[in-house]
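Note sheet for the following structure.
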2 protein chains.
Amino acid sequence: MTDRDTKMRILEAAIPLFAQKGYAAVGVRELAAQANVNLAMISYYFDGKVGVLKALMERFFEGYSRCLAHVDDDTITPEERVRRIISGIVNFVRENTDLALVTYNELPFDVPEIAELKAERVSSVMARLQNLIFEFGLDPADNVQKSMIGPFLPGMILNSFRVQPVLTRAFDVTMNDEYYERFIDTVTTIYLRGISGLADQSGRESPQ
Amino acid sequence: MTDRDTKMRILEAAIPLFAQKGYAAVGVRELAAQANVNLAMISYYFDGKVGVLKALMERFFEGYSRCLAHVDDDTITPEERVRRIISGIVNFVRENTDLALVTYNELPFDVPEIAELKAERVSSVMARLQNLIFEFGLDPADNVQKSMIGPFLPGMILNSFRVQPVLTRAFDVTMNDEYYERFIDTVTTIYLRGISGLADQSGRESPQ
């Protein structure tokens, strides 16, 4: 087995384990057994369990950032950019649900070794989205508003995947391609209408 | 120390511990030490650590349900009902942030002993809110739409509290009374505009 194979096996085994039980609940022995590698390999390649989590979060944010590629594409309208970004994020999270949930679920917990990584990546993806929403008439200097809108889109999408088992049971729905097409429409409508509602209000309060 | 005191001490100690480290990462010894009670008391009163989590979730959903009291209050407009519900939830979560985060953070994890409690409580609070949003013109028989809108409001509010440390750092904001008043306005605007956007669309697609 090559180095690359061993590393990949550890990461691939960690994704569903961390997603189902939570990072903290998974023992390093359990992870090694699931990956079918020697326990020592986890220290060797990742410097322990926290290094595995860090590598997974890096992978998530890399993919998520790629979904924001349309942010500056001025060949299409801002509305169309929002729709493509939402569609990209939904499809990315669909294809990488466990990876996305590992990242999202671990965001609030105190793991000192990755605090900096989390803050840096979250700020960076939020900053990129912010550029776009100011095209809808919001004030780019309004930090308070930015802090309120920033978590709104990722929260709306990821929370829906988080509670999927509950939703499936409670509403008797099947989450297939058709479902997610409508989900993209729904999130886009709520987001665009919501943002333009906020822009109307600030326009009313401080007319130029 | 009375029975009630001992139980309360265990619960009060568990709230910040579970919130900061995650339920799975907290050992039962650590919890007993933090509560300053004998280890055996946790088995005696709660049948183990999972019983403590269950009791905390019950407490959260009880408080959250009280925030929905205005759902059927037809002495005020549907818009005003939405605003009061959002204001109630934000204030409840502000006063019980750790309790709310323990519940929210544990929702996706597989803890068989509480799967039923989670599904039942989540469905029940969602069902109550659904009654209200159909006053804005959405179709009450549209289960797919309900499954998409259901997690939207609690997600928007709770996710903001979850990533508070990151938001505070990234945007240099102070989360005080004034902040939360504006947060309530912002969430209300996004919610009402979003819902009415969806109603406009379904009206357009299937005119009566």
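Only this structure's heavy atoms are used, side chains among them; waters, hydrogens and symmetry mates stay out. Chain identifiers are assigned alphabetically (A, B, ...) following the order of the sequence lines, protein sequences preceding nucleic acid strands; residue numbering begins at 1 within each chain.
Applying the 6.0 Å contact sphere to CG of B:D73 captures more than 12 heavy atoms from other residues, nucleotides or ligands.
Of the listed residues B:Y23, B:Y104, B:F161, the one with more heavy-atom pairs under 4.5 angstrom with chain A than any other is B:Y104. With respect to chain A, the highest number of heavy-atom pairs below 4.5 Å among B:D142, B:T168, B:L192 belongs to B:D142. Highest contact tally toward chain B, considering only A:R162, A:M175, A:E120, A:Q164, is held by A:R162 [criterion: heavy-atom pairs under 4.5 Å]. With chain A as partner, the option from B:G194, B:S196, B:G150 having the largest number of non-hydrogen pairs under 4.5 angstrom is B:G194.
Contacts between B:F152 and chain A at a heavy-atom distance below 4.5 Å involve the side chain alone, from C-beta outward. When heavy atoms are compared at a cutoff of 4.5 Å, A:M156 approaches chain B solely by way of its side chain, counted from C-beta outward. Heavy atoms closer than 4.5 Å to chain B are found nowhere in A:E178, neither backbone nor side chain. Contact of A:Q145 with chain B is made through backbone and side chain together, with heavy-atom distances under 4.5 Å. Looking at A:Y191, there are no atoms closer than 4.5 Å to chain B (heavy atoms on both sides), in backbone or side chain. Both the backbone and the side chain of A:K146 have a heavy atom closer than 4.5 Å to some heavy atom of chain B. Residue contact with chain B, scored on non-hydrogen atoms closer than 4.5 Å, involves the backbone and the side chain of A:V144 alike. In this structure, no portion of A:Y180 lies under 4.5 Å from any heavy atom of chain B. Of the atoms belonging to A:A127, not a single heavy atom falls under 4.5 Å from chain B.
The residue from B:E62, B:E116, B:E58 that alone fulfils the side-chain hydrogen bond (donor to acceptor under 3.5 Å, both in side chains) condition with B:R121 is B:E58.
Interatomic distance, B:F18 CZ to B:L53 CG, rounded to the nearest 0.5 Å: 6.0 Å.
Between the A:N159 side chain and the B:P151 main chain, a donor and an acceptor come within less than 3.5 Å of each other. No donor-acceptor distance shorter than 3.5 angstrom exists from the side chain of B:R193 to the backbone of A:R193, with no hydrogens or angles considered. With hydrogens and angles disregarded, a donor-acceptor distance shorter than 3.5 Å links the side chain of A:K49 to the backbone of A:V26. Checking side-chain atoms of A:R9 against main-chain N and O of A:N36 turns up a donor-acceptor pair under 3.5 Å. Remark: the backbone N or O of A:D172 is not paired with any side-chain donor or acceptor of B:N143 at under 3.5 angstrom.
Side chains of B:Y179 and A:S147: a donor on one and an acceptor on the other come within 3.5 Å.
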